Amino acid sequence: MNATEAALALAVLSAAPLLYAALGELLHEKLGMFNAGIEGVMLMGGVIGYMVAVDSANILLGFAVAAIAAAAFNLLVYAFPVLVMRSSQILVSFALWFIGAGLSAQLGLNYVSRPLPESIGNTSIPLLSRLPFLGNIFFRQPWPVYVAVALTLVVAFVLKRTSHGLSMRAIGEDPASAHASGIPVRAWQTFYTGIGGALMGIGGATLTLVVTGTWTSQITAGRGFVAFALVIFAGWRASGLIWGSFLFGLLLVLGPVGQAHGWSIPSSILGMAPYIFTVAVLTFRTWLELRRSGRTLAPAALGLVFVRGQR
Amino acid sequence: MSNPEHHPAGAAPTPLGGSEPALEMRGIVKRFGDYTALDRVDFELAQGEVHALLGENGAGKTTLMNVATGIIDADAGTIAVGGREARIRSPRDATRLGIGMVHQHFRLVRNFTVAENVHLGLGGVGRLVSRRELERRTAEWSERFGFDVDPSARVAELSVGQLQRVAIMRALVRGANILVLDEPTAVLTPQAASQLFSIIRGMVAEGRTVVFISHKLDEVIEIADRISVLRGGARIATLPKEECTTVSLARLMVGHEMKEVRPRPREHQGDPLLVAQGLRTGEADRRGALKDVDVAVLGGEILGVAGVSGNGQAELAQVLTGMLKPAAGTVRVGDRELGGAGARAFGKAGVGHVPEDLRIGLSLEQTIEMNAVMKVVEQPPVRRGPFLVRSAIRPYARELLERGGLAALEVTRRAGTLSGGQAQRLVIQRELRAGNRALVAVHPSRGLDVAATQAVHEALLDARSHGAGVLLVSEDLDELFELSDRIAVMYEGRIAATLERAAFDREQVGLLMGGGGR
Ligand SMILES: Nc1ncnc2c1ncn2[C@@H]1O[C@H](COP(=O)(O)OP(=O)(O)OP(=O)(O)O)[C@@H](O)[C@H]1O
Ligand SMILES: [Mg+2]
């Protein structure tokens, strides 16, 4: 594996946490909910996964507990105020972010310098991993990378090709009509905030258990925010998340790679690349789409509150 | 399909015990805040009947049926279906009990295609769907029911008449045992309405039960077996149709005799006020796209526009009010060229617009009073210098509501909570005010009760007397014949002919609407 291949493989690896988190966010937004607190949920998943993996010496268990804990955290701190108490999705999102950040830092205090007892090796995909160039980049990765892509494809398929997916999208487009056609709007929104939270948590755990193999507070360093932009970048299409996450992953590794190769651009500037790109996406993506097709790709009822019995 | 409940227009239901009522609502009470919308209403549906539900705008018809279909919960009362006590807490419960509804405002997902809307909530979880398959099935159904709609069209692009057909088809496909139709014919042409009636008769022959809400009394007498009348949230009568005439029903609804609107001959004919030449819009292959349309609305006249929905009337109205930019052609208001300008410029030039889609006319999340003043926020007394005069808003809104017979409404309510007819009244009053030069009114009496329809007709005639030019788009030929001085008939995006009042002839107009004649 040469240096370029190694850098690109690292980019693919760094994409995995983003992909999980963005997939979780997509499930929120497709059902009309706007959750900007991804970062908080990722941190909770990241720290709890790490703690469990260290204490039990079982990484798989770490992932499982991270998923469950993050789902519970998201349901309690996001879904309950938003879906039951009808609080503002924006305010609640930010509370989710800050609570997750603070709580995870507290929980993980004693784990900062403790190493993981085992690490996940790379799994080579038969045949494909022997492809020149591509094989080294895409097909010699730890399994959570493959799972992220597979789950995204599953979600894409469900959304696009099943009647369940049609109903999910209807909730985000027009919850009152969805409700009138017999879809239990609130129950599904609750269910998918749970699933979405679990995915964000798995994203965080992938970061601590696979990508870095360490825990420090605020380890996500804005990745939740990047994932948020990724959903917009992908035009709310699950399949678009996959290559979008690779692109963002590439930007994420620019800093470390530049440093290793002694590029003349300061690595602090390179390190800003993903965030600058994120801001650019947030600014221009919708504008471009509006100019192209005259409408936005966002679910029409994104961020609106649906209260049964009003019309 | 395996689930019989989802079988499109499936096997006829077996009557339960024969004499049990299909649906029995007892003592239904519904309050919105302090306002009692339903006051201990009893309502009973016999198996296999068509039961019409009548009442003025705001009488509580939609609310009562929303309770029956689980859209909202009642505050008190019981419901039995087929003689058995039922808890209906959601539309899903209602569907399970075989109750379906076509909503007054359709409740279709705008960004979905017709096919997707028809299938929404229909299949079981996890059932695979492909776009092509959905569209094929939808095309089949639409043929079976005789509704001419394109399954792949996005709902947001359809005219209200087409939306109505999609909504009806959606309900029919579900094969409900009890079907509630909330003003299904409000924007249907007579032909489409009679098609719907034969579908209804077919359903009843299979033992199904239909609730039919309408303000068109002759239709009600034609289709209904029994008729119930609501007034102010209470049921005041249920009669077999043999005992009813349009006159007696109107009296029951309003509580007093109605006087008739007498068509008045036009008093004077002014200069052209709203003139368009060579209009073209959008993709030329779409049926509704305008193709070289010239119109001139004169001051002091009502120009009627007839046509089967989707033949360009909606586009014409949109272009003449600045909602849609024409691809080619000019639009003049008075002597001002306004071709490329937006809706705001048209409003300022004195063109009022009663749009066909209320969701465009009203801002549903805003209060009623803000909606009332929406068009005058840049004028005194609502605006003084750069400031909005809060204290001027309420009196202005109140006065507007009073003219629309809505004086009793709380002006701080969300506009989204208005009944269908109340919303329409609000828009009309506001636009009559704004449109001192010209008024483009699309289905202005849609969803209005008898009294309100008369009031609107009077108002249109008054606007004409004051020298305004009125463009009246309607699918109701009676209305057009009664009010118009001239009628332009549209077919496939062109004006097929313009008839003078002396030459009005039903048959001729009917032919022209279908692309024949001349
Ligand atoms: N959410 C709500 N909040 C307050 N008032 C409401 C609400 N929903 C309905 N109302 C009021 O309840 C009354 C009954 O409304 P409903 O929609 O049942 O009338 P309707 O008989 O269907 O009239 P229309 O013929 O105009 O459709 C109206 O006065 C309406 O303004
Ligand atoms: Mg109604």
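The analysis underlying the following values was restricted to heavy atoms, covering all of them including side chains, and did not include hydrogens, waters or symmetry mates. Since this is a predicted model, take the numbers as computed values, not measurements. Naming: A, B, ... by sequence-line order, numbering from 1 per chain.
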Asks: Got a sec: does the CZ of B:Arg31 have more than 12 other heavy atoms crowding it under 6.0 Å?
Replies: no

Asks: Checking heavy atoms, do the side chain of B:Arg170, its backbone, both or neither come under 4.5 Å from chain A?
Replies: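 Just its side chain gets close to chain A.
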
Asks: For atom CH2 of A:Trp143, decide whether the heavy atoms of other residues, nucleotides or ligands shown that lie under 6.0 angstrom number more than 12.
Replies: yes

Asks: Is B:Arg107 reaching over with its side chain to a backbone N or O of A:Ser177, donor-acceptor style, under 3.5 angstrom?
Replies: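 Such a contact is absent between B:Arg107 side chain and A:Ser177 backbone.
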
Asks: What's the spacing between A:Asp174 CG and B:Arg110 CZ if we round to 0.5 Å?
Replies: 9.5 Å

Asks: Heavy-atom distance under 4.5 Å to chain B: side chain of A:Ile183, backbone, both or neither?
Replies: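 Only the side chain of A:Ile183 comes within 4.5 Å of chain B.
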
Asks: Within a 6.0 Å radius of atom CD1 on A:Ile90, are there more than 12 heavy atoms belonging to other residues, nucleotides or ligands?
Replies: no

Asks: With a sphere of 6.0 Å drawn around CZ of A:Phe34, does it hold more than 12 non-hydrogen atoms of other residues, nucleotides or ligands?
Replies: yes

Asks: Between atom CZ of B:Arg92 and atom NE2 of A:His179, what is the distance when rounded to the nearest 0.5 Å?
Replies: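 So the CZ of B:Arg92 and the NE2 of A:His179 are separated by 10.5 Å.
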
Asks: Please determine, among A:Ala178, A:Pro299, A:Ser167, A:Gly182, the option with the most heavy-atom pairs under 4.5 Å with chain B.
Replies: A:Gly182

Asks: For the residue pair B:Asn111 and A:Glu173, what are the closest heavy atoms and their distance?
Replies: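 For B:Asn111 versus A:Glu173, the nearest heavy atoms are ND2-OE1, 2.8 Å.
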
Asks: Are B:His119 and A:Ser163 packed together at the side-chain level, in the sense that at least one heavy-atom pair is separated by less than 4.5 angstrom?
Replies: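 No; the side chains remain at least 4.5 Å from each other.
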
